[in-house]
Amino acid sequence: MGLLMSLNTNLTDQPNSFSLLCCIVLGVLFSAHFVSAISIKYSGTPGGVCYSTAFYQKNNHSYLLAGSGGKFVVMNVDDLKNPQKIGDVDLWGAVEKITVFGNYAYVAALDGGLYIIDISDPTTPTPVADAANPGCYAWEVEASGSYAFLASGCNGIRIYDVSNPKNPGYLSSYSTSTITAKALRVQANKVYAVDRDSGLIILDVSNPSNPSLLGSCILPGHNFGLALKDSIAFVAGDSGLLIVNVAQPTAPHYNGSYFHAWPALKIAVAGNNAYLFAGQNGFVIANISNISSPVISSVTYYNGEINYSAIVDTIAFLSVYGIGVAIVDIASTTNPKKLSTFDMPGRVWKVTATQNKVFSSELGYGFHVFDASDITNGLTTIARGTSSSSTQNIAANNQYFYVLNQFAGLSIYNISDVSAPINIPPVAIPNGTADAITVQGNLAYVASYGKGLNIIDVSLPSNAHILGSLKTRGEARDVKVEGNYAYIADGSKGLFIADVTNPQLPDSVSFVNLPDTAVSVTLLNNSAFVADNDSGLIIVDISNPHAPSIAARFKTPDKVWDVITSNNYAYIACNWYGLGIVNISNRTLPSLVGYYATPDEAFGVAGLGNIVFLADGSCGILEYSVTGDQFRDVAVKKTSIDPVFEPTIKIYKRMIQYRLIVDDKVSIGIYDLQGRKIETLLDSYQTSGLHNIKLPKRIPGFHIVKYFSNANGSYCQVLEPFLE
């Protein structure tokens, strides 16, 4: 079965929010019958999120262990102002929590379950075992003595014998009808666990094969994090800091909640201080020397969501969603000082594919370009670029690809030389945020949230300009064009159809109300297939664009963010359920083929040949072989390609500053807007570390500064005229 080229332009915008709710049971849906039907490969970047950090020392060296999507990353932090990545390993599942015991790291990796990784040689971390966690997400893990304890979502607390870490054995579990275990700590033969919805439970694990309940305490709101000090449990939740006296484990006593303005995801306690990792609400330090009246010492905000982090002496290693790792000196709790950051690659939102190339758009880090000509060996990074705002969408056409940034508008790149794409000055999208793009011939059609449809003349990319626009009824989340009509996924207002015969004066034709929020649309055989978020996949008959009608509704178990079609099948990005395949041979009666589990949330989907590419949130691009109508032909396999870590590059008016991760050849040049080189600034090997290159004093007209190195990829930026 071949996938039509219509697969290549089916992208939507990012979701409204990122939820970490363990709310589904995967066991039956993701059975061996379905999983064995396809070939799966990891490719590209692991995605810009860092959920957890842990500290490790060996042979007088200090190391930080971090989760970056589906990557387990090791950094040398001997020099806190210059952390260096020295090793990594791919896991199935987004890394949620890391704990260290001896020379092993124990990793809770969402639907990947529990991993045990040998870190005796930090440069070559080696997984030695993994333990399945059927049907639920692995949120946290603690190791103590010969046992590992896993907060296993809907499975409650699972206990493993890890006396031989290379051969862990499942011993027992403790669950109730209500427990959704989110965090746990182990102390003196007791496990203290936080249930998201009902509060704190305390288990006696003196006999790990038969844990028993000692006591429990109902807590308000949703709760996610836990720390212990002496006879006090400190809980982080949407009510802020909650304090529970556990001196009597059989009768824990809730003492109250504090700092309601700072709902927290995780918490750590050291000395007289509690450290709240409060997501977008920052890094909160509170003095708890008097637990009946804790006092906030400081609140520090970063450009990202702060998750579980390691506190070591006077240093905080913060895991910051959207950035990576921030290293902060907390010797002064009233005035924490950031020492350095370590960037992780951007969170992958969407993916598109055409002409043996795959493009990914990444929150906070722009985009990647991959070579897919040898697809049996996976994708190879050939270029990347950065953006001043979230990269929402990418389209490709002939020698150009088009990058749509949420606030910066449309950037056009000449990819005649794909190893160093040339950026042409961006086209601003007025009065709204740019969400999705499709390109046909010399016209680009942009769906702009809050504005509607914009039609851009791209016949001369250096002079691209808006020809016409049309306000839609709703929020304009995606657009596809066929013949004289544009079909717009119009958010809360459903499917909007416009006549674009005259691109300077597009005109409203009709619309169809849909149950939820239309976020993506694709077209096939007089039908529009709409990803309608919570209500699933909607099929609309558009044989008469002036009188469209709903042909069928296919309810999905989770949100649908994107959809593509080929022949008799629709492929959907179905949030936590992963890749969904729907038989649409009968458009009025679609039927499920299967769901295929993914490590994180499925946001975008594209196709090339018989390959489906899935943008998997924090774990990068997954690659599915869908040969054969019954999807039963290919055994499961998984490979990985190392990410290209973004070099620390800053281009100022008079200087370029960048940091090399390894010794490498670096090329830096100045180009005009047509891609012709004006001047070579550097073309030689340089040692790792921080470098500064001065720019010429006189650069007339708009120009492009372009950086390239083998290890770090390419970076280009348009600068204004500079004369002195």
Side-chain angles (χ1 to χ4, degrees), residues 54 96-108 113-116 129-134 136 138-219 223-236 242-255 266-270:
E96 281 289 328
K97 175 69 189 304
I98 303 168
T99 190
V100 176
F101 192 78
N103 286 323
Y104 294 93
Y106 295 80
V107 179
L114 170 65
Y115 281 91
I116 303 176
D130 62 272
N133 178 36
C136 291
W139 291 108
E140 283 204 2
V141 61
E142 291 284 306
S144 177
S146 298
Y147 305 100
F149 303 85
L150 188 70
S152 171
C154 55
N155 278 331
I157 309 302
R158 290 173 68 86
I159 305 175
Y160 299 87
D161 182 344
V162 292
S163 52
N164 179 1
K166 297 181 180 180
N167 186 29
Y170 168 71
L171 288 178
S172 62
S173 63
Y174 184 90
S175 62
T176 70
S177 59
T178 60
I179 191 166
T180 304
K182 297 290 288 188
L184 57 80
R185 296 293 177 267
V186 182
Q187 190 178 88
N189 287 329
K190 299 179 185 66
V191 169
Y192 300 78
V194 166
D195 167 34
R196 184 193 65 198
D197 298 311
S198 63
L200 179 73
I201 67 166
I202 305 174
L203 302 180
D204 181 349
V205 291
S206 53
N207 179 1
S209 299
N210 186 28
S212 60
L213 180 67
L214 286 174
S216 62
C217 180
I218 296 175
L219 299 175
N223 299 292
F224 308 105
L226 174 66
L228 296 175
K229 183 189 176 186
D230 301 326
S231 59
I232 302 296
F234 298 88
V235 177
L242 291 78
I243 295 179
V244 183
N245 189 315
V246 292
Q248 293 295 327
T250 57
H253 177 70
Y254 171 51
N255 284 4
K266 299 293 179 181
I267 187 172
V269 171

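The chain is numbered in sequence order, starting from 1.
- Proximity of Arg158 to Phe149: side-chain heavy atoms (C-beta onward) are nowhere separated by under 4.5 Å.
- Ser173 and Tyr170 make their closest contact through OG-OH, 3.1 Å (heavy atoms, listed as atom of the first residue, atom of the second, distance).
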Intermediate values then yes/no, side-chain contact (heavy atoms from CB on, under 4.5 Å), Tyr160 and Leu171
CA-CA 5 Å; Tyr160 299 87; Leu171 288 178; over 6 Å; no
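- For the pair Ala193 and Ile157, the tightest heavy-atom approach, listed with the atom from each and the gap, is CB-CD1, 3.7 Å.
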Pair Lys182, Glu140 - check salt bridge (Lys or Arg N to Asp or Glu O under 4.0 Å), show working.
CA-CA 7 Å; Lys182 297 290 288 188; Glu140 283 204 2; over 6 Å; no
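- Contact detail for Ser146 and Asp161: the closest heavy-atom pair is O-OD1, 3.4 Å.
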Determine whether Ile267 and Val235 satisfy the following criterion, side-chain contact (heavy atoms from CB on, under 4.5 Å), listing intermediate values before the conclusion.
CA-CA 7 Å; Ile267 187 172; Val235 177; over 6 Å; no
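- Side-chain atoms of Val191 and Ile202, non-hydrogen and from C-beta on, never get closer than 4.5 Å to each other.
- Remark: Ala247 engages Ser231, Asn245 in a side chain to side chain contact (heavy atoms under 4.5 Å, CB included) (not counting sequence neighbours).
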Ile232 vs Val244, side-chain contact (heavy atoms from CB on, under 4.5 Å): CA-CA, chis, key distance, verdict
CA-CA 6 Å; Ile232 302 296; Val244 183; over 6 Å; no
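- For Tyr104, the side chain to side chain contact (heavy atoms under 4.5 Å, CB included) partners two or more places apart in sequence, or in a different chain, are Tyr106, Ile116, Asp118, Val128, Pro165, Lys166.
- Residue Cys136 comes nearest to Ser152 through the heavy atom pair CB-O, 3.2 Å, listed as atom of the first residue, atom of the second, then distance.
- Under the 4.5 Å side-chain criterion, counting only non-hydrogen atoms from C-beta, Val194 is not in contact with Leu219.
- Expressed to the nearest 0.5 Å, how far CG of Asn207 lies from CG of Asn189 amounts to 10.0 Å.
- Residues Thr99 and Ala143 come closest through the heavy atom pair CG2-N, 4.0 Å.
- Within the 4.5 Å cutoff, the side chain of Glu142 has heavy atoms near those of the Lys97 side chain.
- At least one side-chain heavy atom of Tyr174 sits less than 4.5 Å from a side-chain heavy atom of Ile201.
- Put simply, CZ on Phe234 and CG on Leu228 are 9.0 Å apart, with the number rounded to the nearest 0.5 Å.
- Residues Cys217 and His253 form no side-chain contact, since every pair of their non-hydrogen atoms from C-beta on lies 4.5 Å or further apart.
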Quick one: do Tyr192 and Gln187 satisfy side-chain contact (heavy atoms from CB on, under 4.5 Å)? Show the steps, please.
CA-CA 8 Å; Tyr192 300 78; Gln187 190 178 88; 4.0 Å; yes
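- Here the closest heavy-atom approach between residue Pro252 and residue Val246 is recorded as CB-CG1, 4.1 Å.
- Judged by a 6.0 Å distance limit and a 45° cone about the ring axis, Arg196 is not positioned over the six-membered ring of Phe224.
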